[in-house]
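Just so it is clear: chains get the letters A, B, ... in the order the sequence lines come, proteins before strands, and each one is counted from 1.
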Amino acid sequence: MSNTKEFKIVNHFISKIDGLPLAQGKSLFTGDLTPQDALHIKILWSPVAHAKIKSIDISEAEKMPGVKCVLYYGNVPRIPHTTAGQGYPEPSPYDTYMFDNKARFVGDRIAAVAAETREQAENALKKIKVEYEILEPVLDIDSALKENAPIIHDEEDSFVPIPVPYEPKKNIVSRIGMEVGEFEKALNESEYVFDEIFETQYVQHCALEGYISWAQIDSYGRVVITTSTQVPFHIRRLVARTLDIPLKRIRIVKPRIGGGFGSKQELMLEDIVALVALRTGRAAFCALTRPEIFRSGRTRHPMRIRMRCGLMKNGVINAVGMDIINNTGAYGGHALAVMSCSGGKTLPLYHCNNIHFNAVAVYTNLPVAGAYRGYGATQAFFALESMIDIMAEKLGMCPVEFRKRNHIKLGEGHPAFEALGEGKPGAPMTINSSSLSECIELGAKEIGWHNRRPHTEKSGRYRRGLGMCILMQGSSIPEIDMGAASIKMNEDGSFNLLVGATDVGTGSDTILAQIAAEELATTVDKFIVYSSDTDMTPFDVGAYASSTTYLTGEAVRKAAAKVKNQILSVGAKILNKKLEDLDVCDSYVIALDGSAKVSYSEIALYSLYERDQFQIAAIESHITNQSPAPFAAHFVEVEVDVETGKTRVLKYVATVDCGTPINPKFAEGQTEGAILNGISFALTEEYRFDDKGKVINANFANYNIFSLRDKPEIKVFLVPSYEKSGPFGAKSIGEISINGGLPAIANAIYNAIGVRLYKAPFTQERVWRAIQKLKK
Amino acid sequence: MVKKKISFRLNGELREFEIEPNEKLLELLRRIGYKGVKYGCLEGMCGSCTVIMNGKAIASCLLYAFQADGKEITTIEGVSAGFADGCNLPNEIQDEFIKEHALQCGYCTPGFIMSAKAMFDENPIPDDETIKIYTDGNRCRCTGYEKIWSALKNLSEKHKEKLRR
């Protein structure tokens with residue numbers, strides 16, 4: 001293990017390089033930069049869940065005051081595409097059309113109007129006459145899979161661009177599975193057999209900045225789209241396809257982003273603003289209201305997960321089976337990859353020789369699911385980590401001990417890594433860094449696990465319980481994701497760092513500058529960071545799959561190493577020394593014997609103006625054949641009111657192994673935010689629908705996200721390991737900790753009152769009903 | 001609709017505005033360039049648009065612009081500890097937020113800072129419950145509030161220290 005104590009810049013807290021302007025409310029976000037005279041775009045959404053559009057008449061709307069452009073299926077290109085912002089070719093069906101002659105969920109796009117003012121656009125929307133032929137809606141996964149179920153995607157031209165199963169006539173978006181050993185046989189031969197079904201709900205990311213984009217045609221006739229996105233380069237490719245215009249003509253600018261959490265790994269409005277700009281020559285912008293975001297934005301895939309496990313009396317897990325039905329809503333973006341992660345990011349956590357994994361994604365006439373922090377692992381960990389507790393109880397073993405005995409250890413591999421990829425086989429992998437065992441020890445100590453008593457010893461109205469779970473995730477998608485960075489030196493010894501990576505609030509611009517500064521033996525304030533503008537920066541897949549620090553970070557480190565070599569060679573010339581007698585230190589090239597030194601600014605001036613002039617600069621890319629897992633142990637104390645079912649989280653302890661935390665406070669922040677989201681996901685967050693498939697709680701008043709008052713005491717401990725394949729030993733941290741809330745709280749509720757919850761969220765009513773059922 | 005003329009003191013300066021009668025204060029402020037006032041939900045539930053009106057933190061998305069007539073409005077642009085070298089200097093709340101890493105994406109931050117400013121202006125040493133009351137209208141999805149909480153607690157402590165001396 002490298003000595004992380006030698007680090008001067010990484011593994012230290014440095015405040016956000018964009019912190020001051022953000023705290024001052026400067027014009028940094030997409031909506032702050034919109035031209036005053038931009039056209040306002042409003043979208044007409046489908047009021048029905050499933051319908052053919054018999055006719056649509058836009059003529060009245062077009063005549064309305066201020067209206068400049070109306071878009072609907074009759075006047076836009078019909079090109080099948082996916083809105084999922086994934087690597088090309090995407091493991092997602094091309095089942096979406098800019099506008100279609102069919103409505104597939106309440107909130108589907110029907111038409112768009114661009115006008116001089118918002119009111120004019122809104123008024124014109126009302127004049128669009130649509131005649132719907134109502135079709136029977138498919139409002140749950142069972143109805144979707146029924147024989148002779150209404151077909152949601154009955155169009156002939158949808159397809160998947162990679163060779164994977166796609167059966168839209170059966171409402172099946174995709175299937176994925178794997179078998180290791182002999183699962184059924186092992187299950188039958190096990191001394192204890194378990195078979196339980198877990199269900200998760202529709203939830204949304206709720207980034208404070210919603211979906212917003214604007215476009216304008218620049219003086220050269222190019223389409224410049226400024227947009228709140230996690231994936232600028234994918235958006236450029238998707239817009240080019242959707243509008244059938246050359247990719248070269250499009251520039252995507254990503255300013256500061258007001259949170260993403262996966263919601264913006266998606267083409268949402270960019271195609272519309274671009275087409276309006278092209279049709280009118282005017283700047284055009286579109287921002288969704290909060291109810292529109294809830295209804296028409298992306299959500300987390302709700303899943304039904306059947307867990308079957310076989311256990312031996314000696315504590316050996318003999319068989320693990322996971323069967324998933326994944327509700328992808330009206331369009332199938334991300335469905336396959338999300339399911340793949342449900343297995344691939346959870347099953348490797350435990351030793352087992354007989355594994356069965358089978359997942360199927362189905363269309364329904366409900367809101368569209370997409371990427372959401374945790375990406376399938378969140379749902380599956382609820383099932384797996386609940387089941388681990390159920391099994392431990394059967395053995396009369398402490399859940400902590402049971403996990404310690406069975407979890408994957410340093411140096412071990414797992415067949416699931418290789419079996420499950422994202423649209424192609426995964427990569428074989430060995431755990432080369434892990435402090436999971438230490439995480440478990442520390443977390444248990446901090447929550448006071450030794451005081452834990454079984455629920456049978458508890459009484460009274462308010463009962464407290466302790467629960468825990470262990471977790472893993474990945475760091476980028478192996479052999480698919482690529483990040484790149486370029487660094488150029490200026491004459492004062494400062495550097496421009498250009499990355500395609502997308503800082504969506506995580507602080508990646510700061511973290512990447514720290515990595516560059518460490519490698520170049522200088523300080524973060526020497527870096528001018530510019531991230532993700534498709535004209536200016538090198539490529540990057542974007543902010544998803546817990547990849548930026550690990551993947552782009554290594555690209556930055558490699559670019560910095562190249563620049564360092566150039567600096568050293570110029571330094572050698574100036575000092576008249578051999579390269580091997582020199583090193584870099586505190587923005588100087590120094591002779592190792594201490595006899596001479598020359599500053600970075602002198603070196604830059606020399607290289608630009610004096611002799612053998614050249615630009616000190618480098619560009620580097622990075623891909624990985626590994627997706628090193630960060631690990632975590634989460635512990636929670638809850639209090640349940642057995643008379644009302646109300647459950648409160650009193651304390652939450654998370655211990656996390658993210659390798660070297662490049663910026664420990666940022667890593668804590670990522671963890672704390674993920675935890676609170678995980679807690680409210682477990683306790684309150686849930687879409688409610690009317691019987692026609694319309695979301696009825698589509699605003700913050702009725703879909704409550706936690707406030708400061710709702711926050712329990714959250715304690716985060718970073719327990720570093722050293723991941724050699726990552727920059728300065730780093731792995732990922734962004735997603736993992738959202739996975740803990742559901743299972744840890746479910747396990748704690750069981751410990752408090754002896755009631756096992758299989759359906760999320762654990763609302764007051766649901767807990768109360770479970771208590772009543774137990775009483776009977 | 002007939003436009004209406006109003007005037008109010010904006011960040012210390014008395015100004016006149018021509019407004020639409022149904023224009024929200026949030027919309028007016030953003031229209032005239034105060035982009036630090038963020039659009040979050042337009043229903044008073046997230047606090048991204050918080051400004052201070054006559055000493056109280058309010059959601060500017062719930063207020064019609066004409067309701068600000070004759071009032072005193074402070075936005076995030078009016079918050080600073082002075083001006084030097086072309087830039088506003090951060091006030092102590094902004095400073096503490098940055099030092100504590102109490103902001104990630106930064107979209108909710110101006111609103112939080114305005115709520116905190118209204119609180120500290122009124123009560124420099126708020127107790128835990130007071131902090132919860134004053135920030136109840138502000139939502140953040142990035143931080144889990146842990147570091148916002150410590151930033152506000154730190155400031156309360158600092159004020160207490162100062163008073164003791």
Side-chain angles (χ1 to χ4, degrees), chain A residues 13 15-16 18-29 31-33 36 119 205-210 212 256-261 287 289-291 503-507 663 665-666 668-677 679 699-701 704-711 714-716, chain B residues 1 20 22 27 30-31 33-48 75-77 79-80 87-88 90 93-95 97-114 131-133 135-149 152:
Chain A
F13 171 61
S15 65
K16 269 175 81 75
D18 48 351
L20 180 59
L22 285 169
Q24 291 179 325
K26 298 284 186 194
S27 294
L28 296 169
F29 295 92
D32 306 340
L33 304 167
Q36 281 279 19
E119 290 75 15
H205 320 69
C206 301
L208 267 291
E209 180 203 35
I212 179 165
R256 295 292 89 189
I257 304 300
F261 316 109
T289 64
R290 195 53 63 174
D503 191 337
V504 290
T506 55
N663 189 323
K665 226 168 188 167
F666 285 27
E668 287 169 19
Q670 282 290 300
T671 306
E672 290 154 0
I675 286 171
L676 197 69
N677 192 338
I679 293 173
N699 55 39
F700 283 152
N704 188 32
I705 62 172
F706 276 21
S707 69
L708 194 151
R709 179 183 289 285
D710 303 317
K711 172 189 84 65
I714 297 174
K715 286 206 126 135
V716 172
Chain B
M1 272 182 279
E20 303 283 346
N22 62 349
E27 293 167 325
R30 286 190 63 84
R31 175 163 68 78
Y34 291 77
K35 307 283 189 182
V37 191
K38 301 297 181 202
Y39 174 107
C41 67
L42 214 64
E43 57 187 17
M45 292 302 296
C46 78
S48 304
T75 70
I76 190 74
E77 288 85 357
V79 174
S80 81
C87 301
N88 276 338
I93 307 169
Q94 292 166 320
D95 207 37
F97 265 57
I98 295 162
K99 282 185 185 147
E100 253 328 286
H101 192 54
L103 74 164
Q104 288 185 28
C105 82
Y107 199 80
C108 74
T109 310
F112 257 104
I113 284 166
M114 296 316 286
I131 294 176
K132 286 178 190 171
I133 289 170
T135 56
D136 228 14
N138 295 82
R139 293 291 182 275
C140 168
R141 194 64 153 175
C142 294
T143 64
Y145 306 102
E146 203 55 42
K147 294 192 179 351
I148 294 175
W149 179 245
L152 297 176

Are any of the side-chain heavy atoms of [X] and [Y] separated by less than 4.5 Å?
{"X": "T109(B)", "Y": "L22(A)", "value": "no"}
{"X": "Q24(A)", "Y": "Q94(B)", "value": "yes"}
{"X": "E146(B)", "Y": "E668(A)", "value": "no"}
{"X": "L708(A)", "Y": "N138(B)", "value": "no"}

What part of [X] is in contact with chain A, defined as an atom under 4.5 angstrom from a non-hydrogen atom: side chain, backbone, both or neither?
{"X": "Y39(B)", "answer": "both"}
{"X": "I113(B)", "answer": "side chain"}
{"X": "C87(B)", "answer": "neither"}
{"X": "K147(B)", "answer": "both"}
{"X": "I93(B)", "answer": "neither"}

Inset, instruction - Please state whether the rings of F666(A) and H101(B) are parallel, tilted or perpendicular, taking 30° and 60° as the class boundaries. - result: parallel

Any donor and acceptor pair, going by atom type alone, linking the side chain of [X] with main-chain N or O of [Y] inside 3.5 Å?
{"X": "R290(A)", "Y": "G40(B)", "answer": "yes"}
{"X": "E43(B)", "Y": "N699(A)", "answer": "no"}
{"X": "E672(A)", "Y": "G144(B)", "answer": "no"}
{"X": "Y145(B)", "Y": "F706(A)", "answer": "yes"}

Separation between [atom1] of [X] and [atom2] of [Y], rounded to the nearest 0.5 Å:
{"X": "L20(A)", "Y": "I98(B)", "atom1": "CG", "atom2": "CD1", "value": "4.5 Å"}
{"X": "C140(B)", "Y": "L676(A)", "atom1": "SG", "atom2": "CG", "value": "9.0 Å"}
{"X": "I705(A)", "Y": "M45(B)", "atom1": "CD1", "atom2": "CE", "value": "9.0 Å"}

Legend entry - K16(A) and L103(B): CA distance, side-chain angles, deciding distance, side chain to side chain contact (heavy atoms under 4.5 Å, CB included) verdict: CA-CA 9 Å; K16(A) 269 175 81 75; L103(B) 74 164; 4.3 Å; yes

Residue among [options] with most heavy-atom pairs under 4.5 Å to chain A:
{"options": "V79(B), I76(B), I148(B)", "value": "I76(B)"}
{"options": "D136(B), I131(B), T135(B)", "value": "D136(B)"}
{"options": "G36(B), C105(B), S48(B)", "value": "C105(B)"}
{"options": "R31(B), K132(B), Q104(B)", "value": "Q104(B)"}

Proximity breakdown for [X] and chain B, heavy-atom pairs closer than 4.5 Å:
{"X": "K711(A)", "result": "side chain"}
{"X": "R256(A)", "result": "neither"}
{"X": "Q36(A)", "result": "side chain"}
{"X": "I675(A)", "result": "neither"}
{"X": "N663(A)", "result": "neither"}

Legend entry - Those residues that, when tested against F112(B), pass ring-ring contact (aromatic ring centres under 6.0 Å, His included) (two or more places apart): none

Closest-packed option against chain B by number of heavy-atom pairs under 4.5 Å, given [options]:
{"options": "G259(A), C206(A), P291(A)", "value": "C206(A)"}
{"options": "G210(A), G19(A), A23(A)", "value": "A23(A)"}
{"options": "H205(A), E209(A), K26(A)", "value": "E209(A)"}
{"options": "S707(A), G25(A), G673(A)", "value": "S707(A)"}

Legend entry - Contacts of type salt bridge (Lys or Arg N to Asp or Glu O under 4.0 Å), residue R30(B), not counting sequence neighbours: D32(A)

Inset, instruction - Could you pull out the closest heavy-atom pair between C41(B) and F700(A), with the gap in Å? - result: CB-CD1, 3.7 Å

Inset, instruction - Compare every heavy atom of F29(A) with every heavy atom of G106(B), then report the nearest pair and how far apart it is. - result: C-CZ, 4.0 Å

